[in-house]
2 protein chains.
Amino acid sequence: MTDTLRPMPTRTRSYHHGDLRAALLTRAEETLREKGPGALSLRELARDLGVSHAAPSRHFKDKQALLDALALSGFDRMSAVLGASLDGVPEKLPEQVEAVVRAYVGFARDNAALLDLMYSVKHDPEASDALLEATQRWSDLVLRLVAEGQARGEVREGSLEHTALPVFATLHGYADLAVSGMLPPEMDEHGLDVVIAFILRGIRL
Amino acid sequence: MTDTLRPMPTRTRSYHHGDLRAALLTRAEETLREKGPGALSLRELARDLGVSHAAPSRHFKDKQALLDALALSGFDRMSAVLGASLDGVPEKLPEQVEAVVRAYVGFARDNAALLDLMYSVKHDPEASDALLEATQRWSDLVLRLVAEGQARGEVREGSLEHTALPVFATLHGYADLAVSGMLPPEMDEHGLDVVIAFILRGIRL
DNA sequence: CAGCCAATGTAGGCGTCGCCAACAATGCTG
DNA sequence: CAGCATTGTTGGCGACGCCTACATTGGCTG
């Protein structure tokens, strides 16, 4: 559960690796990025790290647990990226929306496979609550933006969730289309501008 | 390649199954719907159909080929559903958009796993051209709607692709969120109305 | 400081999977 | 009706996920 703040001795591999859990996650994400999700194998991961094929099971009870942890760390980083994207941005709706949208799409581009993974942990009935909380953390950011916009009279009235919903949909949908390579490539750049303008039209007074 | 109009003898199983390819696709889609994509195994499929474990390879060179075929049939049916959704709908933008959005989201709900599959065949560099063409067929439908709206003066000016892009994004994004169970359930019904209104605001003059 | 014990890693095995090659039955076609 | 492409069968290979039994380690406690 708690994976931050571990001994992390960084010592030469004797018998105990010292930080196998973190090493597994790191290597797994590299593999995910470079060779796609299909190429993720616990045994190969273990080989890569010079460890026996059953060692990973000490840290992740099964493959899905590793994927969940990967997704969780993805949500954490995404939250950080989105949060940082608002630093120094004037508190006006257009600027804020533009910043967040660009940050989200950028993250999606840089972490396509990971994002896929993050969103496909989904209908797991007992998805770890840590994961659920992580997904909530970044949606809260958008909700706050919309709420503040409403308070400043920049955003139309209406239930917060209902106002923010289409923003999420558009944001997520565009990122997914872009990442999936379903957009004519020349649309890529200008397309983002168009989408941002569309969102702003949709939620403005 | 051509899979429609086959002999389809429907005879008792002797040695040759008679319609194994279609049977594989049908059963595969059931499994996909009922037990998720992870549970799809060629060998199990073969067992279910009372056929040897290597028989499927006569019809699909590998597992991915079967998935591609599944995705292709999904796009075909989706195009049909979306096309049909416009039957008898007045040629006015709001009604047409509402019809198509509801149809798309409905299809997504009824075929969640299949839709996932359809969109993850994506970055396959040599995705069969039949597949590419199928994806294009339904996007053309939305493009046509927007173009007609522009012709009638109901839709803002601008490059067709750029005007339609955010519509796709919102549509796709909402369907994905809904299907992934990432929406508070009470938002489900009214949420669609909200999203439709949002889209209309975004593309209207 | 000694010894115990939980944590961590290893070795091997089981069943399943995708894919391949060799062989067998079928039915279309000349 | 003979030949042959099509379609199915059998068996095998290597890889995978997961399990159990065992080995090594290092921290904690008496």
Side-chain angles (χ1 to χ4, degrees), chain A residues 1-28 31-32 35-70 117 120-121 124, chain B residues 1-28 31-32 35-70 117 120-121 124:
Chain A
M1 315 306 169
T2 72
D3 76 308
T4 40
L5 286 197
R6 315 204 111 228
M8 172 96 164
T10 321
R11 313 186 51 201
T12 70
R13 287 76 175 287
S14 40
Y15 187 92
H16 286 94
H17 179 285
D19 200 13
L20 187 59
R21 186 192 154 92
L24 284 167
L25 286 175
T26 302
R27 189 80 185 91
T31 305
L32 191 62
K35 313 207 275 194
L40 256 188
S41 132
L42 293 179
R43 287 175 110 108
E44 184 176 1
L45 235 39
R47 277 194 300 270
D48 283 359
L49 299 178
V51 112
S52 83
H53 68 263
S57 73
R58 294 295 170 189
H59 301 274
F60 303 99
K61 82 174 212 297
D62 59 19
K63 191 176 186 174
Q64 188 57 48
L66 183 144
L67 296 182
D68 286 357
L70 228 38
L117 184 69
S120 51
V121 181
D124 192 342
Chain B
M1 314 309 165
T2 73
D3 77 307
T4 39
L5 286 197
R6 313 204 112 228
M8 173 95 164
T10 321
R11 313 184 53 201
T12 70
R13 286 78 175 284
S14 40
Y15 187 92
H16 287 95
H17 179 285
D19 200 13
L20 187 63
R21 185 191 154 93
L24 283 167
L25 286 175
T26 302
R27 189 79 185 91
T31 305
L32 191 62
K35 313 207 275 195
L40 256 189
S41 133
L42 292 179
R43 286 175 111 106
E44 184 176 359
L45 234 40
R47 277 194 299 270
D48 283 0
L49 299 177
V51 112
S52 82
H53 67 263
S57 74
R58 294 296 170 188
H59 301 275
F60 302 99
K61 84 173 211 297
D62 58 20
K63 190 176 186 175
Q64 188 57 48
L66 182 144
L67 295 181
D68 286 357
L70 227 39
L117 184 69
S120 52
V121 180
D124 192 341

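This is a predicted model, so every value here is computed, not measured. Proteins come first, then strands; the chains are lettered A, B, ... in the order of their sequence lines, and each starts at number 1.
Five base pairs at each end of the helix from dC1(C)-dG30(D) to dG30(C)-dC1(D) define two local axes, and these are offset by 0° (rounded to 10°).
For the pair Arg58(B) CZ and dG18(C) C1', the interatomic distance rounds to 15 Å; values are reported in whole Å. Look at CG on Leu20(B): it is 19 Å from P on dA25(C), rounded to the nearest Å. Between Leu42(B) atom CG and dT9(D) atom P there is a gap of 14 Å when expressed in whole angstrom units. If you take CZ of Phe60(B) and P of dC17(C), they are 18 Å apart, rounded to a whole angstrom. If you measure from atom NZ of Lys61(B) to atom P of dT6(D), you get 18 Å, rounded to the nearest angstrom.
Side-chain proximity of His59(A) to the nucleotides dT10(C), dC19(C), dT8(C) is greatest for dT8(C). Distance from the side chain of Ser41(A) is smallest for dG17(D) among the nucleotides dT10(C), dG17(D), dC18(D). When distances run from any side-chain atom of Arg43(B) to the nucleotides dG12(D), dT8(C), dC16(D), the shortest one goes to dG12(D). The side chain of Ser52(A) approaches dG9(C) more closely than any other nucleotide in the set dG17(D), dG9(C), dT9(D).
Using a 4.0 Å heavy-atom distance criterion, Leu66(A) is classed as making no nucleic acid contact.
Every pair passing salt bridge (charged side-chain N to carboxylate O under 4.0 Å, His left out) that includes a residue from residues 43-54 of chain A is listed here, sequence neighbours excluded: Arg27(A)-Asp48(A), Lys35(A)-Glu44(A).
With hydrogens and angles ignored, a donor-acceptor pair under 3.5 angstrom links the side chain of His53(A) to the base of dG12(C).
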